[in-house]
Amino acid sequence: LQAQEEIIEMKDVFAVKLKRRRFAGQKKGGTLLGITIFKCLNKEENKLTDCAIHLNNLSEDHCQSWFRHLKEILNGFQNRPKSLKVFVNPSSHKREATNIYYEKVAPLFKLADIKTDVTVTEYEGHALSVIKECDLQAFDGVVCVGGDGSVSEVAHGLLLRAQIDAGIDTEYVSKPARASVPLGVIPAGTTNILAHTLYGIKHAVTATLHIVMGHVQAVDVCTFSTPSKLLRFGFSAMFGFGARTLALAEKHRWMPSSQRKDFAFIKTLADLKPEECELSFLPLQILEEDTHEKDRITLLYLGSKDQWQKIQGHFLNVSIMAIPCLCSMAPRGLAPNTRLNNGSMALIVVQNTSRTEFIKHLKRYSSARNQFNFPFVETYTVREVKVQPRFKSGPDAKENTCLNAEGNYPWNIDGDLMKEASEVHVR
Ligand SMILES: Nc1ncnc2c1ncn2[C@@H]1O[C@H](COP(=O)(O)OP(=O)(O)OP(=O)(O)O)[C@@H](O)[C@H]1O
């Protein structure tokens, strides 16, 4: 019999336990059998899973000394969290976030000896109010179990708290302070664009293991403001079709969520209308070599810095995205021409066109073909954008069904509906 040698790298290990034989119901004691090492395994592309390796040895001294030694090495990994503040949204998707947390996430946190303080949110805005008040310094990170709406509420809360702690006026934030702790995202919602974009996959165990292993990824985030005040922090926004669809879906909250979204999508497509507005943007200077994918049209401004550009017209949709926004409908992303932390945003402008052409453009998001390769689509790499809708008066205004009585225009910010009458400045 030939002994097989296997190497386990400690950087992949996240827990070690003494293994004992116990009878059913027995909590303490038991015959020592050896030690068990828990490691994080990269099973397939982007997917992480945990696996247990049992090392059998009947000597108590031997096992205790190995256990202590391995524990010491694990405690030396400074980037791994020891204490986490967790928010679970029980109403996400089909109400399975609580189950996902207690069945898939919490056992791995326990195994890795991570202390948790869990808030199961009771209403919209609950996580935000807890973050404003809680002792964030007591935690190494915040974890959100839910969909994009929950994550963006928590991200907004963390950034708002960072401004307050840094003594910055939250009415108008010109140079935002960074969040003091990282945010972990466990996908459990209807849309999970943030988790999918961060981890390349929508998978709760993968997300948990990234958190346990202390993997930290810097992510670009934007401020959305009117000329007079900060509206919120966020990662992506849509104005026009993407926002009208959300506004209509929100009006039909009584429908089951996927049915509501399909209905709103089809109805908005049937009533397709352009928005008249003026877009001003500050292009980012990028070197030619940075445009990797040749098949994507990215208009790069190599001209002088700090020069605002303006386009006016009738637009079916305007997307402003600081991250690529991967989802099942768009596996390469809604904005594949930006990166998670390249300090820029993708501005994607869809000019008015026929419904048939617009559908062709939308269909390409799920195919391998370039969704921007149409004469009516323009993409820009920008640092700032201002969107100024042109308010219609007279009979035209009535036709504009998504405008409410106050003349507010809908915005889709990270899947949350926001209504604004004035210019919105994204930075
Ligand atoms: N207990 C609660 N009841 C109702 N809403 C809540 C509760 N807790 C949090 N929320 C709010 O629910 C919203 C949607 O949550 P989330 O995005 O996690 O779920 P979702 O299923 O992806 O949502 P959606 O159906 O909007 O796509 C968030 O804005 C959050 O603030």
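Keep in mind that this is a model prediction, so the values were computed, not measured. One-based numbering, in listed order, for ligands and for the atoms of each.
Contact atoms of ligand 1 toward Lys261: 24 (P), 25 (O), 27 (O) (distance under 4.0 Å to a heavy atom of the residue).
Contacts between Asp148 and ligand 1, counted as non-hydrogen atom pairs separated by less than 4.0 Å, involve the backbone only. With a heavy-atom cut-off of 4.0 Å, Arg95 does not touch ligand 1 at all. Counting heavy atoms closer than 4.0 Å to ligand 1, residue Glu96 contributes nothing at all. Under 4.0 angstrom from ligand 1, the non-hydrogen atoms of Ser91 all belong to its side chain. By the criterion of a heavy-atom distance under 4.0 Å, both the backbone and the side chain of Glu124 are placed next to ligand 1.
In terms of protein heavy atoms, atom 23 (O) of ligand 1 is closest to Thr190 OG1, 4.0 Å.
Geometrically, Lys261 does not engage Phe265 in a cation-pi contact defined by less than 6.0 Å to the ring centre and at most 45° from the axis.
Tyr409 contributes a side-chain N or O that, together with a main-chain N or O of Arg390, makes up a donor-acceptor pair within less than 3.5 Å.
Using 4.0 Å as the threshold, His126 has no heavy atom nearer than that to any atom of ligand 1.
Among pairs with a residue in residues 165-179, those fulfilling salt bridge (Lys or Arg N to Asp or Glu O under 4.0 Å) read Arg161-Asp165, at least two apart in sequence or across chains.
Ring orientation note: the planes of Phe281 and Tyr380 are tilted relative to one another, at an angle of 30° to 60°.
A salt bridge is defined here as a Lys NZ or Arg NE, NH1 or NH2 lying under 4.0 Å from an Asp or Glu carboxylate O, and Asp416 with Arg232 meets this definition.
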